[in-house]
Amino acid sequence: MFSCNTSTSGQSTFLLTGFPGLEASHRWVSIPINLICVVSILGNSIILFLICTDIALQEPMYIFLSMLAASDLGLCASTFPTMVRLFWLGARELPFDLCAAQMFFIHVFTYVESVVLLAMAIDRFIAIRDPLHYATILTRSATAKVGTAILVRAVLLNLPGPILLQHLLFPQIGVLSHCYCLHCDLVTDLACSDTQINSLVGLVSILFSLCLDSSIIMLSYALILRTVLGIASPGEQLKALNTCMSHLCIVLIFYLPKLGLSVLHRVEKHSYTSLAVLMANLHFLVPPFMNPIVYSIKSRQIRHSLLKHLQQKRIDAF
């Protein structure tokens with residue numbers, strides 16, 4: 001237990017935590033984590049490049065997918081540097097300002113990914129419910145406005161967090177539960193002063209982001225299922241559902257680790273085991289890793305665009 005003394009937030013230094021009990025093997029343990037990060041960066045960069053350069057992919061569904069890939073890249077950029085410093089260089093120290101900045105960007109990109117998944121669910125509902133007016137409802141202008149609103153909402157919901165942290169007292173040296181900074185870690189476990197306002201702001205932020213988004217996504221799929229069941233032909237039903245499979249897989253990949261981590265927190269209230277740390281890392285590493293893989297496998301247009309670029313590169317080489 002660290003004593004708080006009278007340290008201001010700006011004077012505090014936080015120590016990152018890897019896998020408890022495996023400190024001597026951190027470099028070996030980090031190899032698969034680093035590979036996941038590298039594949040995530042490459043995969044999402046390729047998806048982003050294909051959508052930006054292929055006119056055939058300039059549709060709302062793929063524009064939202066490019067937003068998802070961009071948020072995944074931002075999440076990797078927010079978490080990867082401290083992981084490398086911790087696992088390969090043994091550098092645990094992180095000043096308060098860098099910790100607060102990392103916390104802000106991690107939560108912003110997580111919220112962006114959540115609401116992009118919501119926009120993609122609504123996109124699929126409109127495409128199945130009213131395919132004739134799909135192009136007139138989701139125009140490029142409307143999609144751009146949605147993308148701007150997504151980013152603005154994520155920033156506004158998370159901006160109060162680091163600002164309010166400036167008014168809290170922290171120990172001069174505090175030990176974090178992860179290899180990156182999170183709001184709940186700082187406020188719940190390390191803050192020495194009253195954190196009621198911070199906790200309330202964090203709760204409101206979660207309710208108006210992840211909870212609201214997941215609820216509307218479930219409602220969207222309920223409406224999609226009702227619409228599909230109203231289609232007479234079983235073949236048409238299967239075809240309509242198949243257009244949602246990629247997105248549904250991504251939604252499960254995004255929310256299931258978060259649900260598992262929440263359950264694990266309820267079981268392990270007073271101790272943070274290696275399993276909990278692993279689950280926390282998977283929560284941030286698996287979605288950016290799996291998203292491009294799922295869409296590359298399930299989307300014929302993405303595969304076709306990738307093969308076309310590879311063939312063009314081969315022709316240029318010869």
Side-chain angles (χ1 to χ4, degrees), residues 35-76 112-113 115-144 146-147 150 217 220-221 224 227-228 231 233-254 285-318:
L35 287 176
I36 289 175
C37 290
V38 171
V39 173
S40 300
I41 293 172
L42 290 176
N44 286 287
S45 297
I46 291 172
I47 292 291
L48 199 57
F49 171 77
L50 293 177
I51 295 174
C52 292
T53 57
D54 195 336
I55 299 177
L57 298 179
Q58 301 295 319
E59 300 178 2
M61 179 176 67
Y62 296 109
I63 294 175
F64 287 134
L65 178 58
S66 69
M67 297 179 191
L68 188 68
S71 65
D72 285 337
L73 288 174
L75 195 58
C76 290
V112 167
E113 184 159 354
V115 74
V116 167
L117 291 176
L118 168 60
M120 295 173 79
I122 296 176
D123 168 83
R124 290 299 84 205
F125 170 69
I126 295 174
I128 293 175
R129 175 74 176 181
D130 198 359
L132 296 179
H133 297 89
Y134 173 76
T136 58
I137 296 174
L138 286 177
T139 61
R140 289 190 178 184
S141 175
T143 306
V146 170
I150 287 172
I217 288 173
S220 299
Y221 269 99
I224 287 173
T227 303
V228 170
I231 301 175
S233 171
E236 292 295 326
Q237 290 179 349
L238 185 60
K239 183 178 179 181
L241 288 176
N242 191 50
T243 63
C244 302
M245 290 307 298
S246 299
H247 176 259
L248 186 59
C249 291
I250 298 301
V251 169
L252 295 176
I253 290 171
F254 180 78
L285 294 177
V286 171
F289 173 73
M290 290 300 300
N291 290 353
I293 294 177
V294 169
Y295 268 96
S296 297
I297 294 174
K298 296 294 295 182
S299 174
R300 180 177 57 84
Q301 292 88 338
I302 294 289
R303 294 198 306 272
H304 177 73
S305 178
L306 180 59
L307 290 174
K308 184 174 69 173
H309 277 82
L310 291 176
Q311 290 172 356
Q312 185 63 43
K313 290 291 184 181
R314 186 176 179 181
I315 293 173
D316 292 341
F318 281 103

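The figures that follow rest on heavy atoms only: side chains count, while hydrogens, waters and symmetry mates do not. Remember, it's a predicted structure, so these values are computed and weren't measured experimentally.
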Are Tyr134 and Asp123 close enough that some pair of their side-chain heavy atoms sits under 4.5 Å apart?
-> yes
Are side-chain heavy atoms of Val228 and Cys244 found at a separation under 4.5 Å?
-> no
Considering all heavy atoms of both residues, which atom of Ser71 and which atom of Leu68 are nearest to each other, and what is their separation?
-> OG-O, 2.7 Å
Measuring from Ile51:CD1 to Gln301:CD, what's the distance to the nearest 0.5 Å?
-> 11.0 Å
Might you point out which heavy atoms bring Ala119 and Val146 nearest each other, and give the distance in Å?
-> CB-CG1, 4.3 Å
Do Thr227 and Ile224 come within less than 4.5 Å of each other through their side chains, counting heavy atoms only?
-> no
What is the minimum heavy-atom distance between Ser40 and Leu73, and which atoms define it?
-> O-CD2, 4.4 Å
Candidates Tyr62, Tyr221, Tyr295, Phe64 - the one meeting ring pair (Phe, Tyr, Trp, His ring centres under 6.0 Å) with His247 | Tyr221
Is the count of non-hydrogen atoms from other residues, nucleotides or ligands lying under 6.0 Å from Lys308 atom NZ greater than 12?
-> yes
In terms of heavy-atom contacts, Leu75 and Pro288 come closest through CD2-CG, 4.1 Å
Do other residues, nucleotides or ligands put more than 12 heavy atoms under 6.0 Å from the CG atom of Leu307?
-> yes
Flag yes if more than 12 heavy atoms outside Arg303 fall under 6.0 Å of its CZ atom; otherwise flag no.
-> yes
Can you name the closest pair of heavy atoms from Ile41 and Cys76 and give their distance?
-> CG1-CB, 4.0 Å
State the CE-OG distance between Met290 and Ser296, to the nearest 0.5 angstrom.
-> 10.5 Å
Rounded to the nearest 0.5 Å, the OG atom of Ser220 sits from the CD1 atom of Ile126 at a distance of 9.0 Å
Of Asn291, Ile217, Ile253, which meets side chain to side chain contact (heavy atoms under 4.5 Å, CB included) against Leu117?
-> Ile217
From Ile150 atom CD1 to Leu118 atom CG, the distance as rounded to the nearest 0.5 Å = 8.0 Å
Nearest 0.5 Å, what's the CD-CE distance between Glu113 and Met120?
-> 10.0 Å
Does some side-chain heavy atom of Leu65 sit less than 4.5 Å from a side-chain heavy atom of Leu57?
-> no
Rounding to 0.5 Å, atoms CZ (Arg129) and CD1 (Ile122) come to a distance of 14.5 Å
So which heavy atom on Met67 is nearest to which on Thr143, and how close?
-> CE-O, 3.8 Å
